[in-house]
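So you know, we letter chains A, B, ... as the sequences are listed, proteins then strands, and number each from 1.
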Number of protein chains: 2
Amino acid sequence: MAIALRPSQALRLWQQVALHEVENGMPDLSTRQLSILLTIYLDPPPHTVRGLASRLNVSKPVITRALDTMGALELVSRRRDDADRRNVLIGRTVTGALFVERFGDVVIAKAKELPT
Amino acid sequence: MAIALRPSQALRLWQQVALHEVENGMPDLSTRQLSILLTIYLDPPPHTVRGLASRLNVSKPVITRALDTMGALELVSRRRDDADRRNVLIGRTVTGALFVERFGDVVIAKAKELPT
DNA sequence: CTAAATCGTTACGGGACCGTATCATTCAAT
DNA sequence: ATTGAATGATACGGTCCCGTAACGATTTAG
């Protein structure tokens, strides 16, 4: 079933989650980075630079740079595709899985606290 | 009443909203910037640099820089406090109000599309 | 009236990101 | 074998942001 949100609830939910992330010193990911990270963890693999770039309607260097940064944070991994060695397959990491899982828990918790 | 979200719904909602923002070329705000913007528009004024800094548990320059950037985007405004001219009062703008309102609509729309 | 405290901004060196253009590597087709 | 296309990374100049420290302006305290 679909989730029905009123405007004040939708915005308050986003604010509470964002505030929680900032207050707790989580990585200050941009909307782009977050969309890439969540796509990697939610959509079925394989994920490639070109695929993500066209999915998000951005250039390839944007994806490469985001992967550089999130790779340094160990949120995602990169490995060559043995079948076609031009491709880079983007994968999940333990750290990234924990981050995403925890993030989902924060959303759920803040949604539960929303006033009527 | 509280909103009950399952983990897959919570994460999928965030992904869909983030993807929508990126695809449509909206400003690529960081989590910090978003939390500041939403706090200005959702919490009762007055808002000051020091108040936001302590609310978010970050340093004052972080707030100043975020206000610089979002001010250039005309999402927020700054004016001196006549009562105490050390203070800067942070206010809303027409552009910012439209942005926030539209963002809320995106959240609501994506929540409505969530699979059960 | 002077000294301390407060507020927001700026300075600094360093890192991350931008868009565009170009690159090396790899594969596919002739 | 050679050409062409495709993939991801890199180079470039420029902008934004970081954390720390200092700063000017203003208010408050003694």
Q: Is the phosphate of C/dC7, meaning OP1 or OP2, less than 4.0 Å from a side-chain N or O of B/Arg50?
A: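 Checking B/Arg50 against C/dC7: at least one side-chain N or O falls below 4.0 Å of OP1 or OP2.
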Q: Whole Å only: how far is the NZ atom of B/Lys60 from the C1' atom of C/dT6?
A: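 About 7 Å, once rounded to whole Å.
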Q: Is there a side-chain polar atom (N or O) of A/Arg32 under 4.0 Å from OP1 or OP2 of C/dC18?
A: yes
Q: Would you please confirm or rule out a distance under 4.0 Å between OP1 or OP2 of C/dG8 and any side-chain N or O of B/Arg85?
A: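 Negative; the distance criterion is not met.
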Q: Examine C/dT9: is either OP1 or OP2 under 4.0 Å from a nitrogen or oxygen in the side chain of B/Thr64? Give yes or no.
A: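 It does, given that an N or O in the side chain of B/Thr64 lies less than 4.0 Å from OP1 or OP2 of C/dT9.
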Q: For the residue pair B/Trp14 and A/Phe103, categorise the inter-ring angle as parallel (less than 30°), tilted (30 to 60°) or perpendicular (more than 60°).
A: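 Perpendicular, since the angle between the ring planes exceeds 60°.
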Q: Look at A/Arg78 and D/dA9 and indicate whether a side-chain polar atom (N or O) is within less than 4.0 Å of OP1 or OP2.
A: yes
Q: For A/Gln33 and for A/Asp82, locate the closest nucleotide of DNA chain C by heavy-atom distance; then report the residue assigned to the nucleotide nearer the 5' terminus.
A: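 Final value for this comparison: A/Gln33.
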Q: Are OP1 or OP2 of C/dT26 and a side-chain N or O of A/Asn87 less than 4.0 angstrom apart?
A: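 So the side chain of A/Asn87 is outside the cut-off, no N or O lying under 4.0 Å from OP1 or OP2 of C/dT26.
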Q: Using a strict cut-off of less than 4.0 Å between a Lys/Arg side-chain nitrogen and an Asp/Glu carboxylate oxygen, indicate whether B/Arg12 and B/Glu113 qualify as a salt bridge.
A: no
Q: Rounded to whole Å, how long is the line connecting atom CD1 of A/Ile63 with atom C1' of D/dT10?
A: 16 Å
Q: When we call it a touch if two heavy atoms are under 4.0 Å apart, what does A/Ser30 touch: a base, just sugar-phosphate, or nothing?
A: nothing
Q: Tell me: CZ of B/Arg79 to C1' of C/dC7, nearest whole Å?
A: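 Computing the B/Arg79:CZ to C/dC7:C1' distance gives 16 Å.
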